[in-house]
K.L.:
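To start, I am sharing the structure in question, which I have written as structure tokens.
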Amino acid sequence: MIAAVIAIVSLVGYFRSTTVNAVTGEKQHVGGISPDQEIALGIQAAPQMEQQYGGESQDSEATKLVQDVGAEIAHGSDAAKTPYNFQYHLLADTQTINAFALPGGQVFITQALLKRLKTRGQLAGVLGHETGHVVARHSAQQIAKQQLTQGLTGAAVLASYNSRNGGMGSAAVAALIGQLVTLRFSRQDELQADELGVRFESQAGYDPRAMIGVMQVLKEASGSRTVDFFSTHPNPDNRIDKIKAAIAAEFPNGVPSNLKP
Ligand SMILES: [Zn+2]
């Protein structure tokens with residue numbers, strides 16, 4: 001009986017708390033999670049994420065490149081209209097080809113992926129895609145879904161989570177952070193992040209066709225044994241068609257010739 005009441009309350013809570021995403025225009029269920037909470041959770045989870053991939057890179061030149069291109073995306077695109085605090089990190093891992101995003105604006109790329117990219121525009125594509133996950137609030141959506149399946153437990157965790165004082169030390173919050181670090185987005189989320197990546201990178205002055213180049217890089221890399229990107233991202237072949245469609249929708253009269261490669 002009590003369990004049934006809890007389930008109903010959490011269901012009502014989930015479907016009641018609808019927000020409209022200002023950038024994607026989508027109606028979303030984020031379970032009342034605020035952007036401030038997303039930012040705090042992402043900052044809190046970042047060290048754990050970094051640890052898994054060898055920590056921050058010691059290569060200051062490459063780190064600066066990632067930060068510079070990241071800043072172009074964060075400030076030069078619709079991402080700038082969001083309350084998020086974007087920070088772009090280069091991770092020291094030279095084996096795992098991957099990139100990821102935590103809620104609130106923490107974005108990561110491994111050195112293994114960076115060294116395979118051929119142009120600055122391709123880097124903008126990868127960072128644009130990850131920035132897309134943040135702007136579309138994919139992590140918050142996943143957390144809200146987990147709250148739903150866990151009854152009130154997840155909601156109570158976040159209610160007790162105070163982003164101003166950090167609200168840390170709670171085992172439940174630690175568990176939530178652990179979930180964030182290993183979170184897998186849905187296929188639909190990935191395709192939406194590709195679309196947003198195309199938009200953000202062209203707004204930042206890069207030719208969005210660089211995103212197709214990124215997919216080719218990933219495809220070539222799939223021959224090597226350590227391509228983690230594929231456990232979190234759908235098959236590049238399927239993505240290329242959708243990316244081409246997104247570019248055509250963004251530029252019905254063709255891609256302008258003044259965009260950087
Ligand atoms: Zn992704």
Side-chain angles (χ1 to χ4, degrees), residues 38-39 41-77 79-80 82 84-135 138-139 177 180-185 190 193-194 196-198 200-201 203-206 210-211 213-222 224-233 236 260-261:
E38 289 176 84
I39 292 168
L41 280 170
I43 289 171
Q44 193 78 16
Q48 211 166 309
M49 183 68 108
E50 289 174 348
Q51 255 173 20
Q52 285 185 15
Y53 299 93
E56 297 252 357
S57 166
Q58 299 300 306
D59 182 339
S60 54
E61 204 176 314
T63 297
K64 189 176 181 306
L65 174 68
V66 168
Q67 289 170 346
D68 287 351
V69 175
E72 288 175 344
I73 297 284
H75 304 303
S77 75
T82 69
Y84 299 114
N85 177 18
F86 292 100
Q87 284 183 307
Y88 297 86
H89 308 268
L90 177 61
L91 301 178
D93 193 324
T94 54
Q95 304 300 314
T96 316
I97 294 166
N98 216 341
F100 13 68
L102 286 169
Q106 301 297 314
V107 171
F108 307 85
I109 177 172
T110 63
Q111 227 157 337
L113 175 53
L114 180 66
K115 77 168 183 221
R116 284 177 184 259
L117 299 178
K118 294 175 178 78
T119 64
R120 201 173 160 108
Q122 289 184 359
L123 176 58
V126 171
L127 300 180
H129 170 101
E130 298 305 329
T131 302
H133 281 304
V134 175
V135 168
H138 290 154
S139 299
I177 284 165
L180 277 179
V181 169
T182 55
L183 198 85
R184 298 287 174 262
F185 295 126
E190 293 303 343
D194 280 345
L196 290 170
V198 160
F200 295 167
E201 93 158 319
Q203 288 174 330
Y206 291 98
M211 195 70 106
V214 172
M215 294 305 131
Q216 279 153 355
V217 165
L218 293 176
K219 214 172 131 181
E220 285 161 23
S222 67
S224 78
R225 59 195 167 79
T226 49
V227 184
D228 222 27
F229 213 84
F230 292 104
S231 61
T232 53
H233 291 83
K260 294 172 281 182

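Side chains are part of it too, since the values below use all heavy atoms of this structure and drop only hydrogens, waters and symmetry mates.
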K.L.:
Under a 4.5 Å cut-off applied to non-hydrogen side-chain atoms, are Arg120 and Leu65 in contact?
P.N.:
yes
K.L.:
Roughly how far, to the nearest 0.5 Å, is CD of Gln52 from OG1 of Thr182?
P.N.:
7.5 Å
K.L.:
What closest approach, in Å, do Ile73 and Ala124 show between heavy atoms, and which atom pair accounts for it?
P.N.:
CD1-O, 3.6 Å
K.L.:
Hey, does the side chain of Thr110 reach the backbone of Thr96 with a donor-acceptor pair shorter than 3.5 angstrom?
P.N.:
yes
K.L.:
Taking the side chain as everything from C-beta on, heavy atoms only, tell me whether His133 gets closer than 4.5 Å to Glu130.
P.N.:
yes
K.L.:
Are the side chains of Leu117 and Ile109 in contact, using a 4.5 Å heavy-atom criterion?
P.N.:
yes
K.L.:
Evaluate whether atom NZ of Lys260 has more than 12 neighbouring non-hydrogen atoms of other residues, nucleotides or ligands under 6.0 angstrom away.
P.N.:
yes
K.L.:
Could you grab the distance from atom CD of Gln122 to atom CG of Leu114, nearest 0.5 Å is fine?
P.N.:
10.5 Å
K.L.:
For the residue pair Thr131 / Tyr88, report whether a side-chain donor-acceptor contact shorter than 3.5 Å exists.
P.N.:
yes
K.L.:
Relative to each other, are the rings of His89 and Phe108 parallel, tilted or perpendicular (30° and 60° limits)?
P.N.:
parallel
K.L.:
In terms of side-chain heavy atoms, does His129 have a donor or acceptor partner in Glu190 at a distance below 3.5 Å?
P.N.:
yes
K.L.:
Nearest 0.5 Å, what's the CG-CD distance between Asp93 and Glu50?
P.N.:
12.5 Å
K.L.:
Would you check if Leu180 and Gln44 make a side-chain contact, meaning some heavy-atom pair closer than 4.5 Å?
P.N.:
no
K.L.:
Does the side chain of Asn98 reach to within under 4.5 Å of the side chain of Leu113, using non-hydrogen atoms?
P.N.:
no
K.L.:
What are the two closest heavy atoms between Asp59 and Gln111, and how far apart are they?
P.N.:
CB-NE2, 3.7 Å
K.L.:
Determine the interplanar angle of the Phe86 and Tyr84 rings, folded into 0 to 90°, and report it as parallel if under 30°, tilted if 30 to 60°, perpendicular if over 60°.
P.N.:
perpendicular
K.L.:
Between Ala45 and Val181, which heavy-atom pair has the shortest distance, and what is it?
P.N.:
O-CG2, 3.9 Å
K.L.:
Taking all non-hydrogen atoms of both residues into account, name the closest pair between Ser57 and Thr63 and its distance.
P.N.:
O-OG1, 3.9 Å
K.L.:
Would you name the heavy atoms of Leu102 and Met49 that are closest together and state the gap between them?
P.N.:
CD2-CE, 4.0 Å
K.L.:
Locate the shortest heavy-atom distance separating Tyr206 from Gly121; write the atom from each residue and the value.
P.N.:
CD2-CA, 3.6 Å
K.L.:
In terms of relative ring orientation, are Phe100 and Tyr53 parallel, tilted or perpendicular, with 30° and 60° separating the classes?
P.N.:
tilted
